[in-house]
Every structure is written in structure tokens, then in C-alpha cells.
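Both ligands and their constituent atoms are indexed starting at 1 by order of listing. Computed from a predicted model, the values in this text were never measured in an experiment.
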Amino acid sequence: MAPPEDDTKVTEEAMAAEEEEKPISTIVFVIAMQSEALPLVNRFQLTEDPDSVFPKGFPWVRYHGIYKDLHINIIWPGKDPVWGVNSVGTVSASLVTYASIQALKPDLIVNAGTCGGFKAKGACIGDVFLASEVAFHDRRIPIPVFDQYGIGAQQTFSTPNLLQKLILKTGKLSTGDSLDMSPQDEASIIANDATVKDMEGAAVAYAADLSTVPAIFVKAVTDLVDGDKPTTEEFLENLAAVTATLDQSVMNIIDFISGKCLSEL
Ligand code: SAH
């Protein structure tokens, strides 16, 4: 006998399908570093929100404004209150994504930032990738099923038209809380079949997925993990130039998205 229809699920699916047919109106960008966020804040002429939508005392910053027909929000998790550096990594990324979804009810999340690339998988410095899938590489739990939970592999929201129109590269993104790569991380990244590596993507995806908000991941390569130079040196050397490239890609993506609904992406 067929199981009884779950009415709530049927209604949710119908609502989601309806959402996909409405023009996209509100976009939340989650951007980990100030140096990545500010060029875009200037490009879109966004202003910092004086009455923060976030709880008092939190370092998270929202820049917002209207560009074409879109409400653009750039959320930067700010500087760590203790150490004074950019709050990079998965913990802040999940928290700000969740809080932004609650406060701003976006139609789409865009996690934009820099990443490390694997030249063995075809990545070059300055390439901009749209991730096809995200997963973690530093959550090892060698117990059946917990192992898969730890990896947390997820498909990203599919945007075939965007990918084709803007000629972006695509590949899998692997996320962990370290800038460097231990041999164990490397084995997991290979198992994840990743072309690019960052410190936020899968954590943003986790919060977006729980909230059923579609998310895309735009990542520009600052350093080659399997190249000859030390990661930190290469990252800092390329950060400014690669951020400018990222900036241009994000602009093109927003121009493409404007006036479209989710199902047209
Ligand atoms: N030294 C930097 C620290 C940035 S940490 C500073 O001055 O602030 C690296 C940031 O860039 C993270 O947000 C991460 O997502 C991204 N990133 C760039 N290259 C990376 C790599 N090889 N591995 C992991 N994350 C990388």
C-alpha cells in the first residue's frame, strides 16, 4: 500500500515551485574577508546598516542597497572581537548565514570569496569557479554513517544558464578550517574530488540547506595548493588582483540574475 500523502510536504513543494517562478528580489552575499567585501560594497554603492539586523554587540556587518531591481546585502562577519582579524572559517560562516536568512529572507545566497586551487585538476591563479558541489575535508568521524555526515557533501543550486553565459569554470569545492593542508586533509580533498579549497563554502551551504534557501558559491583562486610557492605567501601576493577579478565576475553574475527568476538561472 502506498504511504499516505504528507500534506505539509506537498504544500512546501508547491510553495518552493512558485518561488522559483518569481523574479529574484533579495540576495545575500556572505563574504568572509573585508578586503573581498569592500570593492563590491563600492561597486554596488552599498551603505552600512546603522541599525544592525544582528544582535547588539555582534561584529557582523551588513552593507545594503538597491542595484537595478535587486536588494543587495553583503554580509561580512566582521573582525573577531578578541583577536581583531577577519572572522574567517566555518563557525562564523554558518552563524552569519543563518542569522541573515532569518533577518532578511533572501531568495538566493551567494558565498563569494577567494580559494586555493589544484592545478592537477585544472585550476589556475585568477580563475573564477562556480562550485558544483561542496563538502568538508576536516571532519573525520570513522563510524558508519557519521563518516558521511562529517563529509557533508551537497550539490549546490544548479545554474546551467549562468554557467554557460558567463563562461565560468566549475568544479567541486572542499571546505575546512585551516588555510594549510595536512596530509589527512589532502586525502579527504582527493576523496572529495575537489578542484578548489576554501574555509567557508560547505558551512554556508549547511545553513542555507537547513533553511531551504538556494545557494551558489563563487570562488576565485589566489593560490595553487599543489604549486611551488608557500600558500600564505602566494595568497597575500595575489589577493588584491584576484579580488578585482572576483569583483568583476560577481558584477556579471548580478547583471545576469537581474530580472530573472530562480528557474531561469
Ligand atoms: N592571511 C589572511 C587570512 C585569510 S584566511 C588575512 O590576512 O586575513 C584565507 C581566506 O581565504 C579564507 O576566507 C578562505 O576561504 C580563503 N582561502 C584562500 N586560499 C585558501 C586556501 N588555499 N585554503 C583555504 N582557504 C583559502
Side-chain angles (χ1 to χ4, degrees), residues 29-40 59-61 74-97 109-131 134-139 156 169 171-190 192 194-207 215-247 249-250:
F29 283 90
V30 176
I31 302 188
M33 293 180 48
Q34 192 172 32
S35 52
E36 297 162 343
L38 287 186
L40 283 170
W60 308 340
V61 183
I74 291 186
I75 312 295
W76 167 53
K79 297 214 168 143
D80 180 84
V82 176
W83 304 103
V85 295
N86 285 277
S87 306
V88 300
T90 61
V91 175
S92 281
S94 272
L95 284 171
V96 292
T97 304
I109 303 268
V110 184
N111 174 216
T114 56
C115 66
F118 292 87
K119 65 174 190 208
K121 301 280 288 177
C124 304
I125 301 285
D127 278 350
V128 180
F129 279 86
L130 204 56
V134 295
F136 291 98
H137 57 249
D138 59 358
R139 307 201 313 178
T156 59
K169 285 194 172 181
K172 294 181 186 171
L173 169 66
S174 196
T175 300
D177 268 307
S178 300
L179 181 61
D180 67 2
M181 183 174 72
S182 70
Q184 278 177 314
D185 287 351
E186 184 174 11
S188 305
I189 289 170
I190 292 170
N192 287 345
T195 305
V196 283
K197 157 183 185 283
D198 80 342
M199 297 175 63
E200 293 85 16
V204 170
Y206 179 72
I216 61 172
F217 302 81
V218 187
K219 299 280 161 170
V221 180
T222 42
D223 48 270
L224 291 173
V225 187
D226 53 353
D228 308 325
K229 289 192 182 169
T231 295
T232 312
E233 193 182 299
E234 197 172 24
F235 169 82
L236 293 173
E237 196 178 293
N238 295 320
L239 184 60
V242 170
T243 304
T245 312
L246 175 68
D247 197 25
S249 292
V250 168

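Counting only residues at least two apart or in different chains, salt bridge (Lys or Arg N to Asp or Glu O under 4.0 Å) contacts with residues 215-227 comprise Asp198-Lys219.
Annotation: side chain to side chain donor-acceptor pair (under 3.5 Å) contacts of Lys229 (sequence neighbours excluded): Glu237. For Asp127, the side chain to side chain donor-acceptor pair (under 3.5 Å) partners two or more places apart in sequence, or in a different chain, are Lys169.
No side-chain N or O of Asp80 forms a donor-acceptor pair with one of Ser87 less than 3.5 Å apart.
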Which atom pairs, nitrogen or oxygen on both sides, join ligand 1 and the protein at under 3.5 angstrom?
residue: ligand 1; atom: 11 (O); partner: Thr114; partner atom: OG1; Å: 3.1
residue: ligand 1; atom: 13 (O); partner: Glu200; partner atom: OE1; Å: 3.2
residue: ligand 1; atom: 13 (O); partner: Glu200; partner atom: OE2; Å: 2.8
residue: ligand 1; atom: 15 (O); partner: Met199; partner atom: N; Å: 3.0
residue: ligand 1; atom: 15 (O); partner: Glu200; partner atom: OE1; Å: 2.5
residue: ligand 1; atom: 19 (N); partner: Gly116; partner atom: N; Å: 3.4
residue: ligand 1; atom: 19 (N); partner: Asp223; partner atom: OD1; Å: 2.9
residue: ligand 1; atom: 22 (N); partner: Asp223; partner atom: OD2; Å: 2.6
residue: ligand 1; atom: 23 (N); partner: Leu179; partner atom: O; Å: 3.4
residue: ligand 1; atom: 23 (N); partner: Lys197; partner atom: NZ; Å: 2.8

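In this structure, Leu173 CG and His137 NE2 are separated by 9.5 Å, a value rounded to the nearest 0.5 Å.
Side-chain N or O atoms of Glu36 include none that pairs as donor or acceptor with a backbone N or O of Ile31 at under 3.5 Å.
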